[in-house]
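Structure record follows, encoded as structure tokens.
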2 protein chains.
Amino acid sequence: MEEFAAVSGISRPTVSKYFHDPESVRTSTRERIEAAIEKYDYRPNIYAMNQNRKLTKNVGIVVPYLADPFFAEIARNLEQRCIDEGYRPTLYGSHGEPAHESDILDSLLSLKPAGVLLAPLGRGTDRRVLERFCKAVPTLIFDSNVEEFGIAFVGSDNYQFTSHITDYLCRTGEPPSFFEMKTPANPNAHRRRQSYLTAMEDFGYEPHVISVEGGGWEFEEIGRLGGHNAIEQGLFTTGTVLCSNDRLAIGLLTACYEKGLRVGRGEDCAIRIAGQDNHPYARFTCPPLTTVAHDYDAVSKEAADTLFAAIEGTLSPWSSTRFEGKLLMRDSA
Amino acid sequence: MEEFAAVSGISRPTVSKYFHDPESVRTSTRERIEAAIEKYDYRPNIYAMNQNRKLTKNVGIVVPYLADPFFAEIARNLEQRCIDEGYRPTLYGSHGEPAHESDILDSLLSLKPAGVLLAPLGRGTDRRVLERFCKAVPTLIFDSNVEEFGIAFVGSDNYQFTSHITDYLCRTGEPPSFFEMKTPANPNAHRRRQSYLTAMEDFGYEPHVISVEGGGWEFEEIGRLGGHNAIEQGLFTTGTVLCSNDRLAIGLLTACYEKGLRVGRGEDCAIRIAGQDNHPYARFTCPPLTTVAHDYDAVSKEAADTLFAAIEGTLSPWSSTRFEGKLLMRDSA
DNA sequence: ACAAATAATTTACGCGCGTAAAGATTTAGC
DNA sequence: GCTAAATCTTTACGCGCGTAAATTATTTGT
């Protein structure tokens with residue numbers, strides 16, 4: 001930087017100031033620096049920069065499982081917003097393992113990030129590690145809430161999701177059974193079950209929950225195996241099934257296919273199946289999956305904006321924002 | 001580190017040496033240091049460490065599109081192998097955009113990574129940027145090859161993939177048409193088409209390629225729309241279709257559903273559809289998709305091992321390793 | 001055109017660690 | 001118990017940059 005400043009005819013502290021915030025120097029100076037950068041292809045050493053800065057421009061994005069297209073999609077969205085605001089995002093996937101999540105937070109700590117966007121594992125999340133982390137780094141929790149940690153929570157309104165689609169299913173045919181994992185990793189699943197129970201009672205129907213065994217993140221396979229069992233034991237009494245999420249629904253669709261059950265809302269169909277999330281593949285199942293769509297854009301925008309506001313000093317009390325979902329009526333129900 | 005060394009009763013240079021490589025100090029010393037780390041919860045500042053080290057422990061993993069479950073899966077696999085070897089992997093997705101890929105390589109350059117595992121965009125990759133990058137950083141190219149850049153290439157044997165499944169399809173029914181994108185981003189697609197043409201000639205059949213329009217990375221939608229067209233125009237003359245990849249096949253399955261065509265190998269089915277890649281969802285389509293599976297494990301192991309060997313000094317000439325695929329016979333064909 | 005405000009320069013120090021060199025200490029081999 | 005080898009300690013410097021303080025140059029308002 002010393003040399004670069006010399007050949008550019010500008011002092012090193014000014015160059016340093018420019019890299020900290022290009023807007024902080026006079027326009028004429030900025031143009032000279034930028035011309036020199038172009039000419040000499042100089043870029044400052046990231047390690048040396050971040051060593052002394054109290055605040056880096058790093059932002060960590062942590063999701064429970066990067067191989068889940070839902071999280072991959074929202075991570076991609078958040079990543080772009082960070083770049084647009086001049087931050088350097090780094091992606092992390094917890095691989096569904098609490099220990100891995102803790103490791104990520106630990107190593108993130110030594111990266112001195114300006115802020116972190118975290119979708120916690122949920123049930124498996126180590127409260128102590130997370131709490132300590134949130135004290136050190138401005139952390140925005142999204143997707144699934146863990147107590148009132150961090151600066152805010154942003155996610156979807158799971159009660160509304162489930163009551164909305166339950167309403168739709170009741171209006172258009174037999175009331176749905178609810179198909180879910182017995183021990184879901186994600187706390188949203190509990191909200192959805194609860195919402196289903198409430199909605200069914202409100203409509204004057206008897207709720208009917210089918211909880212299937214299985215751990216881990218291979219939801220499709222869990223849905224498929226659970227579906228086989230449920231079909232064999234005749235648990236789908238009403239001919240309509242609302243799944244706790246789309247991935248379970250995709251597995252259940254496979255089970256129905258394998259059992260020779262025709263899925264859909266036509267006269268000749270044996271069963272209606274609906275999901276929740278609008279998973280990127282839900283549109284391409286056979287039949288296309290009726291589901292409730294997250295407002296990806298709204299969630300990621302609110303999450304990013306809230307974090308940036310907190311980083312840039314706007315301290316506000318902890319808050320929780322939940323966006324409503326949109327019903328997507330397709331052929332499966 | 002000064003203070004930590006003092007309270008631990010060990011000199012700072014030795015502590016520094018320990019963090020560089022725990023094996024490089026005497027066992028008794030290592031135990032004392034590790035006990036002290038446990039006690040005082042000390043960890044060195046990453047930025048200061050990497051500033052002076054000629055070689056960091058960072059490894060970059062770059063894939064064209066993180067929201068594609070295929071790449072998400074292989075990235076996850078590679079990530080784990082890096083961690084196991086004591087490296088710090090960082091994930092990057094190019095979002096399908098050449099400019100973004102170049103940006104990633106550029107910013108990776110300033111991270112002084114020990115090595116990089118790169119799955120290039122392919123056709124869109126900026127040759128000049130990549131070449132310059134490969135000169136500065138040990139780079140292993142995987143999935144799709146770009147000239148003979150980097151230290152080596154590791155991927156799947158696309159010729160074998162297609163000839164193998166073409167063989168199977170010809171033996172079990174009518175010979176397949178080949179369903180692909182007209183302008184695929186990935187060079188593997190060209191190999192597969194070529195392999196199809198060769199295989200069909202070898203079997204004495206007339207090859208029949210259906211190239212559909214569409215750019216970007218939304219392969220399912222491209223397959224669906226292309227499928228609608230092809231069905232309307234009666235292009236699937238033989239009643240068997242081999243798709244260039246599983247994502248196109250998934251879209252085509254949706255198109256068939258929407259057109260009322262029954263897919264599968266049963267007597268009452270109108271069309272057989274097969275894919276290639278064994279996409280994580282291929283098992284859950286309706287019907288489950290017959291496809292050729294990558295040897296994920298072998299590819300990622302070979303890729304990681306080759307990179308680690310190069311980093312640790314074992315210089316070997318550029319090489320190309322391609323693993324054969326395994327035919328997965330499911331219900332769609 | 002002049003004072004006040006703004007921006008850039010000069011000078012200087014420190015961040016937390018890597019690392020080299022020389023000397024002191026411990027260990028291994030016999 | 002001795003020597004050679006391996007390891008550790010002491011000392012010292014530098015990496016590439018952030019940043020504070022004092023000074024000087026430039027711009028702005030009137």
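Order of the sequence lines sets the chain letters (A, B, ...), proteins ahead of strands, with each chain counted from 1.
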Q | Distance in angstrom units between A/Glu23 CD and C/dA7 P, rounded | A | 12 Å
Q) Separation of B/Ile10 atom CD1 from D/dT7 atom P, in whole Å? A) 15 Å
**Q.** Residue pairs passing the ring-ring contact (aromatic ring centres under 6.0 Å, His included) test where at least one lies in residues 14-38 of chain B, sequence neighbours excluded
**A.** B/Phe19-B/Tyr42
Please determine if [X] and [Y] form a salt bridge, counting it only when a charged side-chain N lies under 4.0 Å from a carboxylate O.
| X | Y | answer |
| --- | --- | --- |
| B/Lys301 | B/Asp305 | yes |
| B/Asp106 | B/Arg132 | yes |
| B/Arg76 | B/Glu73 | yes |

Q. For A/Ser11 and C/dT9, is the shortest distance between a side-chain N/O and OP1 or OP2 below 4.0 Å?
A. yes
Q) Just to confirm, is there a sub-4.0 Å distance from OP1 or OP2 of D/dT9 to any side-chain nitrogen or oxygen of B/Thr14? A) yes
Please enumerate all protein N or O atoms sitting under 3.5 Å from an N or O of nucleotides 28-30 of chain D, with distances to 0.1 Å.
none

Q: At under 4.0 Å between heavy atoms, which parts of nucleotides 15-29 of chain C does protein reach? Answer with one letter per nucleotide, 5' to 3': B base, S sugar-phosphate only, - none.
A: BBBBB------SS--
Please tell me if the side chains of [X] and [Y] come closer than 4.5 Å, counting only heavy atoms from C-beta onward.
| X | Y | value |
| --- | --- | --- |
| A/Val59 | A/Pro113 | no |
| B/Leu78 | B/Pro89 | no |
| A/Ile10 | A/Arg32 | yes |

Q. Closest heavy-atom contact between B/Glu312 and B/Tyr87?
A. OE2-OH, 2.9 Å
